[in-house]
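Every number for a ligand or one of its atoms is a count from 1 in the order of the listing. Any value given below was found using the heavy atoms of this structure, including those in side chains, with hydrogens, waters and symmetry copies removed.
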Amino acid sequence: MGRGWSQQKRERTAVVFTAVLVCVAYFVGSRVGDALRFMPLITSVMWPPNAILTATLLLAPPRRWWIYILAVFPAHYFGQPADRGLLLVLLLFLTNWSEALIAAISVRAFSGSPTRFDTLRRMAGFIAGAVVLAPFLSSFADAAVVSLFRGEPYGMVWRVRFFSNVLTELALVPAILLAITRGPAWFRSALPRRRLEAVAVMVAPVFVWSVIFESMDGWHAFRASPALPLAFLLPSLLWSAVRFGTGGTSLSLLVTIILATSATAQGRGPLTTVPGEGILGLQIFLTLVGIPLMCLAAVIEERGQAQEAVREQLRFEQLLARLSSSFVHLPGEALQEASETWAGRLGESLRLDEVALHRLSRNPLDFVVVSAWTAPGLPPRPPCTSRDVPWIAEQLRNERVVAIERPEEMPAKAARDVETFRRKEIRSCLSLPLVSGGRLVGALTFITIRSERAWSQELVQRLELVGEVFANAFAQKEAQDALRASEVMKSAILGSLSSGVAVLDRDGRIVAVNDSWARLTPEWEAFGVQVEADDNHVSAAWTAGVDGVAAAREATVGIAAVLNGSRDSFAFEYAAGPPAAARWLALSAVPLKGPEGGAVVSHTDVTERKRAEMEAQRSRQELAHFTRVSTMGELTASLAHELNQPLTAILANAKAAQRFLDHTSPDLGEIREILSDIVDDDRRAGEVIQRLREFLRKGDADFSPLDMNGLLRDVVKLVASDAVIRNVTLALDLGPEATAVNGDRVQLQQLILNLLLNAMEAVAEASPEKRVVTIRSRIEERVVHLEVQDTGPGLQEGVADVIFEPFYTTKAAGMGMGLSIARSIVEAHGGKIRAANNAAGGASFHVVIPLVSATRT
Ligand code: ADP
């Protein structure tokens with residue numbers, strides 16, 4: 001508030017001061033005008049007060065016009081000769097200010113910038129409005145007043161007033177305006193030589209006047225053509241037009257007018273024949289010369305400005321070209337230094353006080369200072385942060401340009417920003433968002449402290465080009481940093497891998513390997529694995545080893561298939577080295593995506609894993625054997641029963657044979673029959689024992705083609721007696737087809753036995769007539785389906801998968817291994833097992849195993 005008050009006070013003082021100044025100038029002007037009068041005419045040859053008022057109105061904002069119009073009234077009143085009545089003075093005042101008013105309004109209407117005359121358009125607007133229209137219209141009233149009050153001829157008064165005002169407006173208004181608006185700056189910046197020239201061009205008409213006009217009577221040519229000397233006024237006018245623009249021309253014109261008019265009024269010079277008409281001729285001459293001259297000066301100035309603009313543009317383009325070239329291939333680490341240098345260069349060439357470059361950090365989303373420059377002579381200060389100027393930061397985040405000529409221009413919600421501007425004494429500011437590839441990457445800010453700066457659209461557009469260069473440099477650096485980070489990460493990942501990794505190009509040549517590859521290769525070579533051949537080609541040879549040539553062939557074919565895109569990936573394991581100390585290696589290849597093609601091959605020593613697997617396999621087999629032995633233990637009673645039958649039969653038959661032999665004439669036919677029964681029974685007992693022995697055999701898996709239905713029947717025979725004892729009906733429902741699978745007899749028997757025993761145990765809880773276990777086999781889509789269905793209580797809810805886990809059991813004496821072993825057997829045969837409850841009660845175990853022909857593919 002305090003600031004607002006003091007500002008208002010200052011403004012008021014300035015207005016009062018100006019009003020007084022204008023009043024004094026008006027008074028002096030009216031005295032001068034009065035001196036330039038042809039008695040007895042009331043109208044002056046030149047009347048400066050109107051031009052002074054016009055210039056004032058053009059400079060002042062329209063809302064203050066009334067102040068100045070009122071301010072000049074005393075000057076007008078006291079400036080008039082005492083012999084005039086108040087009414088006449090008042091009416092003449094009205095006609096005078098109406099001229100200034102018409103001039104000011106029409107110039108404002110014609111010219112966008114009423115105090116400037118630097119283009120032909122503006123000059124033409126001024127001439128049309130202030131020089132022609134205003135004197136033309138106001139002279140009617142003025143002539144009427146004068147002829148009414150003083151009886152002077154209307155036409156004559158109008159003509160004299162019109163031409164005198166035309167001349168005064170033409171010469172004086174631009175002279176006053178330019179002296180005020182541009183004079184001090186010109187005076188400060190002009191070189192002494194130029195100042196001297198300015199004085200010369202002003203003095204030249206005085207010289208011409210005094211030397212030539214004074215002596216013209218002696219010159220024959222002048223006598224013959226009295227108006228010729230007027231031509232001598234032209235060189236100095238032209239000189240000023242060419243060298244000093246509109247300001248110089250108007251001053252030069254003014255000097256010429258004053259000299260010529262005062263001389264003519266005094267009856268000297270070339271136009272003195274008839275006093276009044278001579279003046280009119282001079283006025284017409286000077287008007288006709290002055291108007292084109294002023295236009296010429298404006299055109300020259302306009303051209304000069306255009307040239308300066310072109311030069312400026314060129315300078316800027318050179319700057320931009322240098323800026324672009326120094327940023328185009330700038331390595332990321334040099335960005336900081338380059339941006340500092342260029343912030344300074346930009347600041348100096350644009351005559352700014354501070355330049356700051358910010359980068360947008362992603363997390364958190366904020367502007368971070370990259371470089372800042374402060375003009376020499378000003379104390380360097382930290383650039384504004386987003387917290388200092390939240391409104392500007394918000395605009396920038398929305399990719400909007402912020403151009404502030406004065407802090408007061410900022411909206412109410414930018415209070416914090418205004419406060420910062422005030423604290424840091426920032427007068428004007430231009431902030432550009434830096435956008436590259438549609439993404440905001442930073443901001444470029446220009447600040448003035450010592451003076452206000454209007455940010456023309458042209459300047460903003462140019463600086464946006466500068467911004468683009470910085471934006472691209474930022475984006476490039478970001479990309480470089482990201483690339484470097486990803487490369488560092490990739491090589492760290494590759495380096496940390498214990499596997500050897502090699503990258504191949506599309507022809508299979510190794511283009512890069514990781515440390516492990518380099519380290520392991522000699523080790524592998526030691527036991528005969530030669531991956532790199534002479535030409536660095538991976539289709540190399542595995543020269544020796546367990547799998548030797550076969551592995552080499554498989555690897556070569558597999559990698560080639562990945563390289564040519566016919567396979568998505570390739571992996572295989574092989575053994576190498578002497579059998580006693582064999583090493584296992586795994587080789588895999590995946591294609592490199594992208595236009596270049598190629599593949600990544602990884603080579604790993606998996607001996608440890610392989611050994612562990614083999615160890616686990618052995619443990620599983622031992623456990624399976626153990627469970628088989630314990631299962632047999634459970635079946636002892638039924639086996640004894642089964643063996644007992646043939647043995648009893650053998651005994652009975654042997655006894656019968658003995659009795660036959662006791663006869664005197666034994667019936668040899670009977671005895672032969674008995675013996676063949678004994679042989680049959682013995683065979684039966686032998687088979688039982690054979691089956692047992694096979695089942696209890698301990699050893700490695702031995703895969704061979706087997707008939708699944710045959711196996712089922714064998715196992716059913718094995719448990720048949722047990723079923724009788726348990727009062728369980730075993731129903732066989734075997735398909736008619738041949739069910740040949742590739743498998744290990746003992747393992748598959750164990751599988752079926754485990755399922756059957758579980759089923760028989762399950763049905764034990766049912767009433768005797770319901771104790772049925774059904775065994776089915778079918779062939780469908782090249783697989784054998786086995787099903788063991790019971791009428792027991794079924795599986796508890798949600799355990800269909802859990803029951804296959806080791807040690808899961810619901811039985812008091814159970815071990816929980818039966819189904820786990822069953823599953824590993826099925827999987828070792830490339831099949832699947834699952835359990836489900838039947839709709840009619842009881843559980844079903846379903847096994848699928850591929851047919852022998854299917855496993856070969
Ligand atoms: P164990 O027979 O020693 O318990 P298994 O692995 O053979 O071990 O069986 C695990 C569990 O699965 C059994 O304890 C039982 O709860 C369940 N189970 C197996 N077969 C059946 C079946 N036919 N009906 C119901 N539950 C069964």
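- Annotation: atom 2 (O) of ligand 1 to nearest protein heavy atom, K811 NZ, 2.7 Å.
- The closest donor-acceptor contact from the side chain of S566 to the backbone of A561 lies under 3.5 Å.
- The proximity of F804 to ligand 1, defined as any non-hydrogen pair under 4.0 Å, does not occur for either the backbone or the side chain.
- Using a 4.5 Å cut-off on side-chain heavy atoms (C-beta onward), V501 and V601 make no contact.
- Checked against a 3.5 angstrom limit, the closest N/O atoms of G814 and ligand 1 fall outside it.
- With hydrogens left out, the protein atom closest to atom 7 (O) of ligand 1 is N758 ND2, 2.8 Å, a heavy atom.
- Counting heavy atoms only, G816 comes closest to atom 3 (O) of ligand 1 of the residues A762, G842, G816, P793.
- Sparse packing is recorded around CD of E797, with 12 or fewer heavy atoms of other residues, nucleotides or ligands lying under 6.0 Å away.
- Nearest-heavy-atom check against atom 12 (O) of ligand 1 across I803, V773, T791, L756 picks out I803.
- For ligand 1, the atoms lying closer than 4.0 Å to a non-hydrogen atom of D790 are 22 (C), 23 (N), 24 (N).
- Listed by atom number, the atoms of ligand 1 under 4.0 Å from G818 heavy atoms are 5 (P), 6 (O), 7 (O), 8 (O).
- Below 4.0 Å from some heavy atom of L795 lie the following atoms of ligand 1, by number and element: 25 (C), 26 (N), 27 (C).
- Smallest separation of non-hydrogen atoms from L734 and R776: CD2-C, 4.4 Å.
- Note: an N/O pair closer than 3.5 Å links T809 and ligand 1 by distance alone.
- Counting only heavy atoms of the protein, atom 15 (C) of ligand 1 lies nearest to T810 OG1, 3.4 Å.
- Two residues are said to be in side-chain contact when any heavy atoms from C-beta on lie closer than 4.5 Å; H785 and I779 fail this criterion.
- L585 has its side chain out of reach of V606: every pair of non-hydrogen atoms, C-beta onward, lies at least 4.5 Å apart.
- Taking CG of D515 as the start and OG of S498 as the end, the distance is 12.5 Å to the nearest 0.5 Å.
- Taking every non-hydrogen atom of Y808 and a distance limit under 4.0 Å, the qualifying atoms of ligand 1 come out as 10 (C), 11 (C).
- Proximity annotation for atom 6 (O) of ligand 1: of L819, N754, I821, L819 comes nearest, heavy atoms only.
- Under the 4.0 angstrom criterion for non-hydrogen atoms, G794 is in contact with ligand 1.
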